[in-house]
> 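What follows is a single structure, and I will ask about it in a moment.
Please read all numbers here as calculations on a predicted model, not as lab measurements. The residues of the chain are indexed from 1 along the displayed sequence.
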Amino acid sequence: MHLQTQQHNKLELALRQQCSLLTFLTPTIDEQWFSSQCLTSKQLTDLANAIKLRGANVTEGYVAINLYLQLNWQVIYLLVACVEQLGCIPDLVNIKQRVTGSHIYGLANLNIMAQQDSFNNADLIELAANHLFDHQQAWYNNLPLQYRLNKGLLKRLQSDTFHAALIACWPDKSIKFIAKRFQPWQKLCGKHRFSDQNNKLTFMRKTCCLHYQLVAADYCANCPLNKKGTSAC
């Protein structure tokens with residue numbers, strides 16, 4: 001159900017104010033934009049080739065993971081922010097994202113749909129899950145075979161991105177509050193371990209960040225490899 005113009009504009013303004021990690025822009029002719037339903041195999045290949053230029057020894061695995069993260073992080077953050085903060089669903093089919101080199105940043109054509117009570121949002125989350133599945137399936141069907149991730153890794157990356165987005169929605173809340181807010185999302189993004197380190201909420205990722213970094217570094221404190229006795233930074 002699409003909202004009336006006045007109600008839509010009010011929610012969009014609130015979203016712009018509350019979701020500081022996302023930037024909403026007006027597309028111009030000299031910029032490259034795409035929507036999930038219109039992303040072609042050539043556009044995906046061009047983006048993958050741009051990611052390859054980030055370093056001298058970029059592997060196809062690195063490209064595949066970063067291709068997924070680039071295509072999906074804004075969508076997931078937007079979806080979580082809309083459900084958690086505004087009790088609504090964004091139209092992921094027609095929303096546009098901007099490509100700048102090997103990075104995707106900037107959203108346009110935002111269309112907000114059904115609104116419900118955000119603190120009784122199990123039905124809304126289920127609707128959000130359906131929209132996300134349709135969005136991901138659209139570009140995945142056109143993805144070159146060498147950049148298709150196995151379902152296990154794909155699910156872990158999605159889960160990590162979801163939980164980072166959920167934490168970003170509630171930066172000043174307690175672990176107890178956030179853990180309760182996560183419960184309705186678990187069917188979609190799985191369970192995670194949480195901790196409070198130096199008064200900063202974090203979670204145990206399901207994927208190691210070295211998978212999508214070019215330069216190897218010490219393992220982060222919330223890296224899953226730390227459970228195997230590796231060092232922590």
> If you compare all heavy atoms of W185 against all heavy atoms of L166, which two are closest, and at what distance to 0.1 Å?
NE1-CD2, 3.6 Å

> Could you please spell out the steps behind the side-chain contact (heavy atoms from CB on, under 4.5 Å) verdict for L153 and I65?
CA-CA 9 Å; L153 179 55; I65 288 174; 4.0 Å; yes

> Any side-chain to backbone donor/acceptor pair from T59 onto Y62? Under 3.5 Å, distance only.
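Yes, the answer is positive, given that a donor and an acceptor are paired below the 3.5 Å cut-off.
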
> Name the one of V83, I89, L79 that satisfies side chain to side chain contact (heavy atoms under 4.5 Å, CB included) with I125?
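Filter result, single survivor: V83.
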
> At their closest point, which heavy atom of W33 faces which heavy atom of G106, and how far apart are they?
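Closest approach of W33 to G106, heavy atoms only: CZ3-O, 3.7 Å.
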
> State, to 0.1 Å, how close L25 and T23 come at their nearest heavy-atom pair, and which atoms those are.
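It is CD2-CG2, 3.4 Å.
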
> Is any side-chain heavy atom of Q70 closer than 4.5 Å to a side-chain heavy atom of V99?
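No. Closest side-chain heavy atoms not under 4.5 Å.
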
> Do Q158 and N72 have side-chain N/O donor and acceptor atoms under 3.5 Å apart?
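Side-chain D/A pair, Q158 to N72: absent.
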
> Counting C-beta onward and ignoring hydrogens, is there a side-chain heavy-atom pair between L47 and Q43 closer than 4.5 Å?
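A side-chain contact under 4.5 Å is absent here.
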
> Looking at C169 and V80, what are the two nearest heavy atoms and their distance?
SG-CG1, 3.6 Å

> Nearest 0.5 Å, please: how far is CG in L110 from CG in N94?
11.0 Å

> Could you measure the distance from the CG atom of L132 to the CD atom of Q137? Nearest 0.5 Å is fine.
11.0 Å

> Around atom CD of E31, are there more than 12 heavy atoms of other residues, nucleotides or ligands at under 6.0 Å?
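Above 12, so yes.
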
> Are any of the side-chain heavy atoms of L78 and I95 separated by less than 4.5 Å?
yes

> Is there side-chain contact between I104 and R98, with heavy atoms separated by less than 4.5 Å?
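A side-chain contact is absent here, since even the closest heavy-atom pair is not under 4.5 Å.
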
> Do you know which two heavy atoms are closest between Y147 and E60, and how far apart they sit?
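Distance-wise, the nearest heavy atoms are CD2-O, 4.1 Å.
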
> Please report the interatomic distance CG(D91) to NE2(H135), rounded to the nearest 0.5 Å.
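The CG atom of D91 sits 11.0 Å away from the NE2 atom of H135.
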
> Output the distance between atom OH (Y68) and atom OG1 (T161), rounded to the nearest 0.5 Å.
5.5 Å

> Would you please test Q97 and L107 for side-chain contact (heavy atoms from CB on, under 4.5 Å) and show each step?
CA-CA 5 Å; Q97 298 189 72; L107 297 169; 3.7 Å; yes

> Under 4.5 Å between side-chain heavy atoms, counting indirect links through other Ile/Leu/Val/Met/Phe/Trp/Tyr residues: same cluster for F24 and L86 or not?
yes

> Is it true that F133 and L149 fall in one hydrophobic cluster, defined by side-chain heavy atoms closer than 4.5 Å?
no

> Side chains of K155 and S159: does their closest heavy-atom pair fall under 4.5 Å?
no

> Pair K42, D46 - check salt bridge (charged side-chain N to carboxylate O under 4.0 Å, His left out), show working.
CA-CA 6 Å; K42 181 180 184 304; D46 289 345; 2.9 Å; yes

> Taking all heavy atoms of L44 and all of P144, pick out the closest pair and write down the distance.
CB-CD, 4.1 Å

> CG of L92 to CD of Q74: how many Å apart, nearest 0.5 Å?
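One finds 12.0 Å between CG of L92 and CD of Q74.
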
> Going by heavy atoms in the side chains, are L71 and Y140 under 4.5 Å from each other?
no

> When rounded to the nearest 0.5 angstrom, what distance separates CD1 in I76 from NE2 in H163?
11.5 Å

